[in-house]
Amino acid sequence: AVLDRTVVIIISDHGEIFAKHGRFGRAGAERGTLYDEVVRIPWLMKIPRHPGKVVSGLVQIIDIMPSLLGVLEIPEPPQLQGKNVMPLVSGERDEINRYVFAGSLYGGPVGSRAWRIYPARSMSESVRSLEWKLIHEMTRNAEGQQEERYELYDLTDDPDELNNLVHEKPLVVATFNGVLENWKRQAENLEVRNVFNPDVLPPEIIEGAK
């Protein structure tokens with residue numbers, strides 16, 4: 001059957017906050033930020049000839065592409081940002097990402113539709129390990145006033161992210177902020193390619209799209 005030789009992946013793009021932390025929605029200046037209710041999403045995979053199991057370990061949406069390439073035994077292209085999760089599935093490794101990251105720009109220019117609904121702009125970013133999570137948020141309101149905020153959570157003892165330890169754990173904040181800054185530099189240095197350029201697509205794909 002077709003299903004017996006088909007890879008199926010089900011995910012969501014984000015979660016929502018419903019009044020927890022006094023916020024609503026997802027990441028945004030007046031709606032939410034990158035708590036686990038927003039960034040922790042389901043990832044279900046059906047892989048032919050693999051029995052069902054629950055896999056622990058930190059993964060990201062950008063890991064989907066290299067994971068599919070791994071299942072199909074296709075070599076990864078250079079400068080790939082994500083990682084193949086199949087070593088987690090097979091049990092070869094118990095970790096592929098020491099840290100995982102999230103980021104969001106929210107709000108539009110003054111006078112835009114987004115600005116009229118939410119007259120503020122924000123930049124939210126986070127880095128987490130299994131034990132700790134750092135959230136960094138910068139907001140600017142319609143009057144141009146800017147505010148910067150850091151939040152640090154011990155996910156082992158505080159999985160609901162209710163006790164901000166940013167002032168109690170300055171060394172942890174510095175370490176995770178350094179990891180976040182290094183990740184941003186690496187992301188900015190990635191070569192941007194137009195993968196939809198018909199000049200570089202295989203002929204069979206071009207023919208099939210006609």
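These values consider heavy atoms only, across backbone and side chains, with no hydrogens, waters or symmetry-generated copies.
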Let me see the working for Leu58 and Arg128 under side chain to side chain contact (heavy atoms under 4.5 Å, CB included), right down to the final yes or no. CA-CA 9 Å; Leu58 297 175; Arg128 68 163 290 169; 4.0 Å; yes

One pair to check against side chain to side chain contact (heavy atoms under 4.5 Å, CB included): Gln146 and Met138. What are the steps and the verdict? CA-CA 7 Å; Gln146 186 163 299; Met138 295 184 66; 2.9 Å; yes

Let's go through Asp154 and Asn163 carefully: what are the C-alpha distance in whole Å and the side-chain angles of both, what is the deciding distance for side chain to side chain contact (heavy atoms under 4.5 Å, CB included) to 0.1 Å, and is it a yes or a no? CA-CA 8 Å; Asp154 181 345; Asn163 185 22; over 6 Å; no

Would Leu130 and Leu155 satisfy side chain to side chain contact (heavy atoms under 4.5 Å, CB included), going step by step from the backbone distance to the final call? CA-CA 7 Å; Leu130 287 174; Leu155 300 176; over 6 Å; no

Show the atom names and distances, to 0.1 Å, of all donor-acceptor pairs under 3.5 Å that link a side chain in residues 64-78 to residues at least two apart or in another chain.
| residue | atom | partner | partner atom | Å |
| --- | --- | --- | --- | --- |
| Ser67 | OG | Asp63 | O | 2.5 |
| Ser67 | OG | Val85 | N | 3.0 |

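Atoms CZ and CG, on Arg93 and Asn84 in that order, are 9.5 Å from each other to the nearest 0.5 Å. Rounded to the nearest 0.5 Å, atoms OG (Ser126) and CD (Glu137) are 11.0 Å apart. Note that the CD atom of Glu95 and the OG atom of Ser56 stand 10.0 Å from one another [nearest 0.5 Å]. The distance from the OG atom of Ser90 to the NZ atom of Lys53 is 7.0 Å, given to the nearest 0.5 Å. Ile135 CD1 to Leu34 CG: the interatomic distance, rounded to the nearest 0.5 Å, is 6.0 Å. Between the CD atom of Glu131 and the CG atom of Asp157 there is a distance of 11.0 Å, given to the nearest 0.5 Å.
In this structure, Ile41 is a member of the same hydrophobic cluster as Met45, with clusters built from ILVMFWY side-chain heavy atoms closer than 4.5 Å. Leu44 is connected to Val8 through a chain of hydrophobic side-chain contacts under 4.5 Å among Ile, Leu, Val, Met, Phe, Trp and Tyr, so both are in one cluster. Cluster annotation: Val89 and Ile11 are assigned to the same hydrophobic cluster (Ile/Leu/Val/Met/Phe/Trp/Tyr, side-chain heavy-atom contacts under 4.5 Å, transitive). Grouping the Ile, Leu, Val, Met, Phe, Trp and Tyr side chains by contacts below 4.5 angstrom, directly or via other members, places Val100 apart from Val59. Grouping the Ile, Leu, Val, Met, Phe, Trp and Tyr side chains by contacts below 4.5 angstrom, directly or via other members, places Val55 with Val7.
Counting all heavy atoms, side chain and backbone alike, Ala102 lies closest to Val39 at CB-CG1, 3.9 Å.
Using modelled atom types and a 3.5 Å distance limit, the side chains of Glu148 and His136 yield a donor-acceptor pair.
Through chains of ILVMFWY side-chain contacts below 4.5 Å, Trp132 is grouped with Tyr99, Phe101, Val127, Leu134, Tyr150, Leu152, Leu165, Val166, Val172, Val173, Phe176, Val179, Leu180, Trp183.
Residues Asn97 and Gln60 are in side-chain contact: their nearest non-hydrogen atoms beyond the backbone lie under 4.5 Å apart.
Between the side chain of Lys46 and the backbone N or O of Ile9 there is no donor-acceptor pair closer than 3.5 Å. Using a distance-only test at 3.5 Å, with no hydrogens or angles considered, a donor-acceptor pair links the side chain of Glu161 to the main chain of Asp36. A donor-acceptor pair is defined here as one N or O able to donate and one able to accept, closer than 3.5 Å; such a pair exists between the side chain of Asp158 and the backbone of Leu162.
Within a 6.0 Å radius of CG in Asp4, other residues, nucleotides and ligands contribute more than 12 heavy atoms. More than 12 heavy atoms of other residues, nucleotides or ligands sit less than 6.0 Å from atom NZ of Lys20.
Considering Lys133, Arg40, Glu151 as possible partners of Tyr35, the one that fulfils the side chain to side chain donor-acceptor pair (under 3.5 Å) test is Glu151.
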